[in-house]
Amino acid sequence: MSQPSSTPVSTTPAPYDFHTVEPRWQAAWDEAGIFTVPDVPPAGQPKYYVLEMFPYPSGQLHMGHVRNYALGDVIARYKRARGYCVLHPMGWDAFGLPAENAARERGVHPREWTLANIAAMRTTLQRLGFSLNWDREIATCLPDYYGKQQQLFLDFLGAGLVERRESWVNWDPVDQTVLANEQVVDGKGWRSGAPIEKKQLSQWFFKITAFADDLLGGLDSLERWPERVRTMQERWIGRSEGAKVIFNLHQPPAGLDTDLNAVEVFTTRPDTLFGMSFLAIAPDHPLAAWVAARNPQAAEFVAECRRLGTSVEAVETAEKRGFDTGLRVNHPFLDQSFPIWIANFVLMDYGTGALFGCPSGDQRDLDFAHKYTLPVVPVVLPPGKAEADFAITTSAFTGDGSMINSGFLDGLSTQDARREAIARLEAMGVGQGVVNWRLRDWGISRQRYWGCPIPIIHCTECGPQPVPADQLPVELPEDVTFDKPGNPLDHHPSWKHTTCPCCGKPATRETDTFDTFVDSSWYFARFTAPHAATPTVHDAADGWLAVDQYIGGIEHAILHLLYARFFTRAMRKTGNLDVSEPFAGLFTQGMVSHESYKDSAGNWLYPEEVEHTAQGVIKRGTTEPVTVGRVEKMSKSKRNTVAPVAIIERFGADTARWFVLSDSPPERDMEWTESGVAGAARFAQRLFRAVCAIAETTPATAAAPTQDNPASPQADTLRRTTHRTIAAVTEALEGFAINVAVARLHELTSALIDAEKQADTAGMDFARRECARALCLLCAPMMPHLAEEIFSRLNPADGLAAQQPWPQAEADLLAATSVTIAVQIMGKLRGTVEAEPDEEAATVLARAESEPNVARLLEGKRIVKRVHVPNRIVNFVTAG
RNA sequence: GCGAACUUGGCGGAAUGGUAGACGCAGGAGACUUAAAAUCUCCAGCCCAUAGGGCGUGCGGGUUCGAGUCCCGCAGUUCGCACCA
């Protein structure tokens, strides 16, 4: 980027050289230590905790990160200027499968791969000049962090929040590992392509359901969360009121286990019990297993259901199918029995894995009844219908009404019948009113190496035992191999062999590691005391938490945020901290998108491989035409990515930051364009020139206007523009409307440049300096390096821009000296008139009425009403 | 199927119920230059056109002196959840 020096142009000042300027100010901030904060927020200063979701160290920062962290940095720098003590830390969500895949594919150890990626990404973040407190950096893959996580696990275990139980998992028989639902594609493992089996495994669970009520109730207090995220969590938790009903088997077959003598059912509609025509159980229900063990056809049906199990399409398209077990249950209220079917639409993990079918009141039950010609008994009469001409044909009636064909419930409203039925069930001892939750406990066992070891020792005599606290952390062994499928920890020759802490006999370590969502469930708390010997320190955690502003992608709206809310409660219960909600404010930013390109052979092309010319888009260096595809989220597979490092090299960090903040509101997706970033770079140069010109041509000692020495109208106008912009930018930043703040700063820059061209008038030097200073400080959250550079040139003795207080708008300069009033006739704009601020209605109306065009159009009309909105508008309502 | 959000120029978008289209991108004209780049100035919703007028914020209604904004209905797009008993 060096300029040729052979042809000096005297009138053109040296352009802003970000290459030398940016590192200089980064060093200055570093030296001043202004982003470092104490573990306990200082008394007498308000605290503010800004946190962006920490990245997975994939190796390269992408534009989505830049946008996320630029947004957070604007908030952090702004709040700092407003006098807050700001905690703004950064770390790495460093465990996960990609590291193991790299190990398998390239033979790099996951640890080396991860640490190298962290180093590279840290460098990029630092080049972007984010105001981060780097002393607090943490990486979840280091024993210092995950050892404390093991401690938390043991705390939770002691508090009864951890359980070990059998659960169904997606098992990849080739890779010998458990897969998450989203890793199963069309019933096959995403990596091995092998058909996935459903298998029961012993797994560790966090009892998140223990907090279901509190997690739901707590949502109300999260006023600074997007409504839709709260709604998503609410539905995920899924509270529903109903009843559990026990159906005893009618003539139970010989040899049936006694605990299978009755089937427990959950229903939200106990009022419709008289409409029952069958009972359906999940294919995984214990009774189904008992039947399958004795009936090959049943076994075949169950196996088939299991095969179709998880895939989303399978669920969508699968027709309702069932298998009649031949067993029957007695109805609690009627002297009748009904058949038990195994049905493919009954889920084992919702409710009790069994339901009673009331075809007249549930569409799915009706479809099922039609398919297998089961009876349909209407029990709810819709309001306004007569029983005689009401029949259920193709659609069930799910609404409220009055009860019919329902014995002692007849005539009651749906609501009353529900209460009455529950009361009767409870009196008979065959059921009770219950609240059911959709939320399930969180299975945290993963058969993988690159994760936090679960600190448990299995002893054949004593059962699973917690690793004693003084033996923590349980560290991952370094010497592992990835040459065979399955969990390397399990294959390790010696690692798992140890002794039982209880009886001292040989025992084996748990070889499963934690789900990586565990790692990110408490990092925000660890940041408050990242080097402490305990997971958290009360004064630090309670002092800094909750996070005042959390920023990240909407993709974490449910799982991550729910898990973090669970952890916070669990940590409170175990005495690790004393807050209930981790994130007081949440902002979900949009994605960064880009055009996609294909060459004539249909291969995706990177943006730097194509060239936009007047004749169209071509492949760079050729004449080959390029097809421009949709604008979509940047992704490696579409090759529509732009690397932040390349942009920083070409345009500088400030330009990259400014552009990602400029055009689109932060919550929406933004499109990265070459011309857009070039425009941002242009603005940076323009601002630099404008402020440098002020610094060089106006004396720093320029006096403020006084009563005796008033400013000229031009200077006064500039001052008013400055102060109104201060107010507007402040308001915009408070409301996350960063794009609007950027627009106002463009305007103020133009105003400053325009003022330069005007003849010098009284007070103009002061007005210019005041404007330039404000401009520096208002731009600083977005373009911190450039702001420092121009601030230092303008005010060499004032220290760092990053340490200046936020500019204050002077109240008496917020109003303009005159206002333009729109004049309407019957709501249509017919002209404008000038008025003094807050001028009397009478004089404004008179002037408006005599405005030539208005007067012309009012001629011959009778004004029936004159509307005057001060400083804004006048409207004449006419008749005739 | 259920729920939510969104719909404004060529594009991204702005607008406490009060001059719709700020600001930016792309575009046009001009200045400077031997030329280009850079920079600067001006133009720019559509239609008729002379001041000026008509029509314009997905579509149809409503409330109001006045609606992009509030209310009702419809359409489209996007997202989330989805056999939840």
Side-chain angles (χ1 to χ4, degrees), chain A residues 9 11-12 15 226-229 231-232 234-236 238 240 242 265-269 272 279-280 282 312 314-320 343-347 349-358 361-365 367-368 436-439 554-555 557-558 593 612 631 658-659 662-665 667-671 673-680 682-683 685-686 689 728 731-732 737 739-747 749-750 753 757 820-832 852-853 856-857 863-878:
Chain A
V9 184
T11 52
T12 311
E227 187 62 42
R228 65 177 174 142
V229 175
T231 307
M232 282 159 75
E234 194 180 313
R235 297 174 125 237
W236 187 265
S240 63
V265 151
F266 173 73
T267 178
T268 55
R269 297 296 304 272
T272 64
L279 188 140
V312 177
V315 168
E316 266 176 12
T317 55
E319 60 173 329
K320 313 276 172 283
N344 66 346
F345 63 86
V346 183
L347 307 171
D349 43 22
Y350 184 78
T352 61
L355 57 88
F356 82 82
C358 172
D362 184 291
Q363 190 59 43
R364 196 189 38 200
D365 294 347
D367 296 344
F368 194 77
N436 190 55
W437 303 88
R438 182 184 178 276
L439 183 68
I554 186 74
E555 66 274 18
I558 297 178
S593 60
H612 290 77
V631 173
W658 186 256
F659 178 54
S662 294
D663 284 352
S664 299
E667 68 275 13
R668 283 203 221 167
D669 290 354
M670 70 154 300
E671 188 189 347
T673 60
E674 185 76 5
S675 54
V677 71
R682 254 192 325 265
F683 174 73
Q685 294 294 346
R686 187 170 142 89
R689 283 195 305 272
E731 193 193 332
N739 56 322
V740 179
V742 164
R744 296 290 90 84
L745 290 168
H746 275 128
E747 287 169 346
T749 306
S750 294
I753 292 168
K757 290 170 200 145
T820 306
I821 308 277
V823 184
Q824 297 182 338
I825 298 171
M826 297 298 282
K828 282 186 188 294
L829 183 71
R830 296 304 179 194
T832 58
N853 193 46
R856 178 178 68 82
L857 290 157
I863 299 172
V864 295
K865 188 170 178 182
R866 292 172 170 83
V867 179
H868 171 248
V869 180
N871 301 324
R872 289 201 179 271
I873 208 162
V874 163
N875 190 12
F876 296 109
V877 184
T878 59

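Below, chains carry the letters A, B, ... as their sequence lines are ordered, and counting in each starts from 1. Treat the numbers as computed from the prediction; the structure is a model and nothing was measured.
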Any side-chain N or O of K828(A) below 4.0 angstrom from OP1/OP2 of G54(B)?
no
Rounded to the Å, how far apart are W236(A) CH2 and C2(B) C1'?
16 Å
Assert: residue with more 5' nearest nucleotide on RNA chain B, out of A678(A) and D362(A), is A678(A)
Whole-angstrom distance between U64(B) and C81(B), as gauged at atom P:
43 Å
Quick one: closest heavy-atom pair of A741(A) and A732(A), and the distance?
N-CB, 3.7 Å
Report the nucleotide, chosen from C65(B), U19(B), A22(B), that has the shortest atom-to-atom distance to any side-chain atom of R744(A).
A22(B)
When rounded to whole Å, the CG to P distance for the pair D663(A) and A22(B) reads 14 Å
Euclidean distance, R438(A) CZ relative to D349(A) CG, rounded to 0.5 Å:
9.5 Å
Sort by first number and list every stem of RNA chain B: at least 3 consecutive Watson-Crick or G-U wobble pairs, both distances under 3.5 Å.
B:1-7 with B:75-81, B:10-12 with B:23-25, B:27-31 with B:39-43, B:45-48 with B:52-55, B:58-62 with B:70-74
Nearest 0.5 angstrom please: D362(A) CG to R269(A) CZ, how far?
9.0 Å
Would you mind reading off the distance between D349(A) atom CG and C83(B) atom P, rounded to a whole angstrom?
10 Å
Pick the P atom in G56(B) and in A67(B), then give their distance to the nearest Å.
11 Å
For G3(B), does OP1 or OP2 lie under 4.0 Å from any side-chain N or O of R235(A)?
no
Parallel, tilted or perpendicular: which describes the rings of W658(A) and F683(A), with under 30° parallel and over 60° perpendicular?
parallel
Out of A85(B), G3(B), G53(B), which has the shortest distance to the side chain of S240(A)?
A85(B)
Report yes or no: is there a donor-acceptor pair, N or O only, under 3.5 Å between the side chain of R682(A) and the base of U39(B)?
no
Would you indicate which nucleotide in G53(B), G12(B), A4(B) comes nearest to any side-chain atom of R856(A)?
G53(B)
Its glycosidic angle compared against 90° from 0, G9(B) adopts the form syn
Hey, does T820(A) reach any base, or is it just sugar-phosphate, or nothing, if we go heavy atoms under 4.0 Å?
base
Between H746(A) and A822(A), just flag the one whose closest nucleotide in RNA chain B comes earlier from the 5' side.
A822(A)
Would you measure the distance from the P atom in A22(B) across to the matching atom in A44(B) and give it in whole Å?
11 Å
Could you work out the separation of C79(B) and G27(B) based on their C1' atoms and round it to a whole Å?
34 Å
In whole angstroms, the gap separating C1' of A20(B) from CZ of R872(A) amounts to 14 Å
Think N853(A) has a side-chain N or O under 4.0 angstrom from the OP1 or OP2 of G52(B)?
no
Interatomic distance at C1', C23(B) relative to A14(B), whole Å:
7 Å
Between G52(B) and U63(B), how many Å separate the two C1' atoms, rounded to a whole number?
32 Å
Test for a donor-acceptor pair under 3.5 Å between the base of C83(B) and the side chain of K320(A), counting only N and O atoms.
yes
Output the distance between atom CD (Q824(A)) and atom CZ (F876(A)), rounded to the nearest 0.5 Å.
10.5 Å
Where the side chain of L347(A) is concerned, which of A85(B), U19(B), A4(B) is the nearest nucleotide?
A85(B)
Taking ring pair (Phe, Tyr, Trp, His ring centres under 6.0 Å) as the test, write out the residues that go with F368(A), two or more places apart.
F278(A), W341(A), F345(A), Y372(A)
Check every strand shown and say whether L857(A) touches a base, only sugar-phosphate, or nothing at a heavy-atom separation below 4.0 Å.
sugar-phosphate
Base A85(B) paired with R269(A) side chain (donor-acceptor, <3.5 Å):
no
Under 4.0 angstrom, heavy atoms only, what part of the nucleic acid is Q824(A) near: base, sugar-phosphate, or nothing?
base
Look at all strands and tell whether N875(A) reaches a base, only sugar-phosphate, or nothing, counting heavy atoms closer than 4.0 Å.
base
Please work out if V346(A) contacts a base, only the sugar-phosphate, or nothing of the nucleic acid, heavy-atom cut-off 4.0 Å.
base
